[in-house]
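Remarks on the structure that follows.
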Amino acid sequence: MAPESGPVPVATGRARALVPALLFAVLLVVCGITLYKISNRQLDLHEIKSPLIGRPAPAFSLPSVADPTVTVSNATFAGRTYVLNVWGTWCAECRAEHGALLQIARRGGVAVLGLDWKDDRSAAIRYLAELGDPYTAIAADDDGRVAIDWGVYGAPETFLVGPDGLIKHKHVGALSMSDWDKEFAPKIAALAKSPGGAP
Amino acid sequence: MIPELGHFALVLAFLLACATTFFGLVGAWQGRRTWMAAAPGAVAGQWVFVTLGFGCLTYAFITHDFSVAYVAHNSNSQLPLLYRIAGVWGAHEGSLLLWLAILSSWTLAVAFFSGSLPERFRARVLGVLGLVSMTFMAFLLSTSSPFARQVAELDGADLNPLLQDPALALHPPMLYTGYVGTAVAFAFAVAALLEGRLDASWARWTRPWTTTAWLFLTIGIALGSWWAYYVLGWGGWWFWDAVENASFMPWLASTALIHSLAVTEKRGLFKSWTLLLAVFAFSLSLLGTFLVRSGVVVSVHAFASDPSRGIFILALLAFFIIGALALYAWRAPTLGSDAGFELVSRESFLLINNALLVASAGVVLFGTLMPMFMDAFGLGKISVGPPFFNIAFLIPTLPLLALIGIGMHAGWKQARLARLKSRFLVLLGAALGVAVLVCGAFFSHLSFMTVLGFTLGVFVCASAASLPIERWRRGEHLSRAVLGMSVAHLGIGLFTIGVTVAQSYKIERDISMAAGDSYSMAGYAFHFAGTKNVSGPNWDGVEGEVSITRNGRPVATLHPQKRVYRVQTNPMTQAGIAVGPTRDLFVALGEDIGAGRWSMRLQYKPFIRFIWLGALTMALGGAISVTDRRYRRNPARAAAPATLDGGEAKHGA
């Protein structure tokens, strides 16, 4: 056996050498807790809530799809309830939810802003001419920076912003009328009732 | 009948693994030579029966035995032969069997090549490997037998289409060979801890095994990255996904271990640190297996995960990791290091190398597990993505690159770098010149990070290449170990150049095109000729034709496909890629958006081949160094003069 070299006594050395074991033990305990929660269905890792809910909607100011010389900014809608729908002509599911968006627009009561994500402007104009245009205004997010600010994972995504400028809800994937009636309509009604929240 | 034979073979293999464990560990403890001598035979028997079991499962796949539940869930009568074989490891049960088959092969190789090691030490190594086999076989047999029967189905549910690809057929065996190979270094470390002694010959025995495991891990990760690039259809090559991180952490730990072992062999230093790294590398491999299989972290790779299996793996994890680390805590303080070294020496460089590699593994571990920790302590849900990793990972790795270039030339004990200073400055200056020239002449813009990354890459390449060239010019002997080191570091340099250029100058466009449309990007014109319907043995699809020209001259004609596999009906993209040494042109066919228009993703990826070329070069370097002559000498005789702690352990009767 090699004798202990250096001034550290073996007992102290042993205590120090236990640190990695303790760190790994903590790690494994946390793994165990998580596993326990998953098997008891207390935790669903695949449900990712947007961290932006309850936070101020990120401001943007982008050229309009219809006319690039016109600027579309969500500041214009401050004090009102509005919906921001992220879409693109390249996205098949957007086409699927388009009918629902048209119906929402026909019902009125809330402005629907479009964010045309990483898209070709002329394709977008053709697309809307073909399918109809549900949007109050459409901002062209060519480089996708605004979508990043809003934490967009993929199109389509639809956000609800209250008159206080806070994000109230986020829907991922194609929106159907039943989604709208269940998730959006009650929130919009509640916002309209709250003081100072007339849309 | 064949599946039952396979199951029976696995039961026999389990019993033989128990025998290896008993004869190896108890034999060495009690000093019974006949018991210790029985361990290699049990290892050979275990290998035979695991291989037989594996063969039986493969046979069930090849012959479409849909009465076996695992085959019915992962194969189909129309599945081509190659993917029927790869289907064996297409899901959890078979992957675990592959894992065990590879572990048995590693154990057999250790038994075969370790004949000249001290008998007690050898028995302990085999005993520890037997213990790993035994516990994982118990896991396989009790919770995840691949041979479970069911009422025969007419046809199978088919293999996950994502896995029906040649690179992915090879990826798991390579990756597992690397993962499981860390068990060998672990077994050597635990055996040394049990003996309570560790000397230079220990490091020399351990090194080739560690390097071999590391090189397979390198190839496995590179294959996975290449597959993600052209199959997932996004054109990215690394996503910092939990599953990728799970393979990357043991790679970082093994890389640190390889370097630490060099110091332990040459100078008798860093002994306890080397042991700790060997335990870490295997622990991170097991942790990776656990993370992937239990579903405690979110991953884009859709593995079937099952919490009840997770508990079993967690228990194994706790047993091996905490057991080994507790043993380490007991023994390590008694393994002194005997020599000191100067501040400027190869030892110092390798110490910093180790600290930086462990720090980078820590960054990856932190980012991967942070969401889980936050949730467990009720601190809310977060997701940690590429923006965190891309920045945090550079903090330890950029200085590491600079030190690689210098450290290779530093001598042991005390280096006279002052003599080399002018050469380093020339190399760095030349590297900076090349970086500015290449980035400025061929690409649109320069940024600080781009120039920094490119300069460091070229500097590492030049420094790595200069080492063997100089030895050769001075007529000195060039050992395979030194050559291998230079080649591996050259690989790091190439990889760095590839990552820097590909990340800085990539161009990605998501556009819609109709037949006849053209789109220009990065000096290339992409002309979309239209689509036609195509079909394969078990899929139907649409194939686009995109011809690419540059200044009017044809460059390539690509045929990106969008496939729908008949049974599982999920769409798959098969990108069209024009491969070139300095750039890839990448076309992925998206959705039919009506009126004859298709959404498409066009990408220009400069130097992206350097990323995989770099990884393969690293693996080649590892392969060269493993064949170094000193590993082939009789280890027992070579060990005698190098023993640092004098006395030989007493042999039992």
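Sequence lines set the chain letters: A, B, ... in the order given, protein chains first and strands last, and positions in each chain run from 1.
- Looking at A:Leu27, both its backbone and its side chain come within 4.5 Å of chain B, counting heavy atoms on both sides.
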Quick one: side chains of residues 311-318 of chain B, donor-acceptor pairs under 3.5 Å with protein atoms, not counting sequence neighbours, listed by atom name and distance.
none

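- In terms of heavy atoms, A:Arg14 sits closest to B:Ala329 at CG-O, 3.1 Å.
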Review item, side-chain donor-acceptor pairs of residues 181-191 of chain A, under 3.5 Å, at least two apart:
residue: A:Asp181; atom: OD1; partner: A:Arg107; partner atom: NH1; Å: 3.1
residue: A:Glu183; atom: OE1; partner: A:His169; partner atom: NE2; Å: 2.7
residue: A:Glu183; atom: OE1; partner: A:His171; partner atom: ND1; Å: 3.0
residue: A:Glu183; atom: OE2; partner: A:His171; partner atom: ND1; Å: 3.4

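- Between A:Phe24 and B:Leu325, the closest heavy-atom pair is CD1-CD1, 3.7 Å.
- Of the two parts of A:Arg95, only the side chain, counted from C-beta on, holds a non-hydrogen atom closer than 4.5 Å to a non-hydrogen atom of chain B.
- Pairing each heavy atom of A:Ala123 with each of B:Ser512, the nearest pair is CB-OG, 3.9 Å.
- In this structure, CG on B:Asp510 lies 9.0 Å from CG on A:Asp119, to the nearest 0.5 angstrom.
- The choice from A:Leu22, A:Val19, A:Val29, A:Thr89 that makes the most heavy-atom pairs within less than 4.5 Å of chain B is A:Thr89.
- Taken from CG in A:Asp120 to OH in B:Tyr519, the straight-line distance is 7.5 Å, to the nearest 0.5 Å.
- Both the backbone and the side chain of A:Leu28 come within less than 4.5 Å of a heavy atom in chain B.
- Proximity to chain A is absent for every atom of B:Arg509, based on heavy atoms less than 4.5 angstrom apart.
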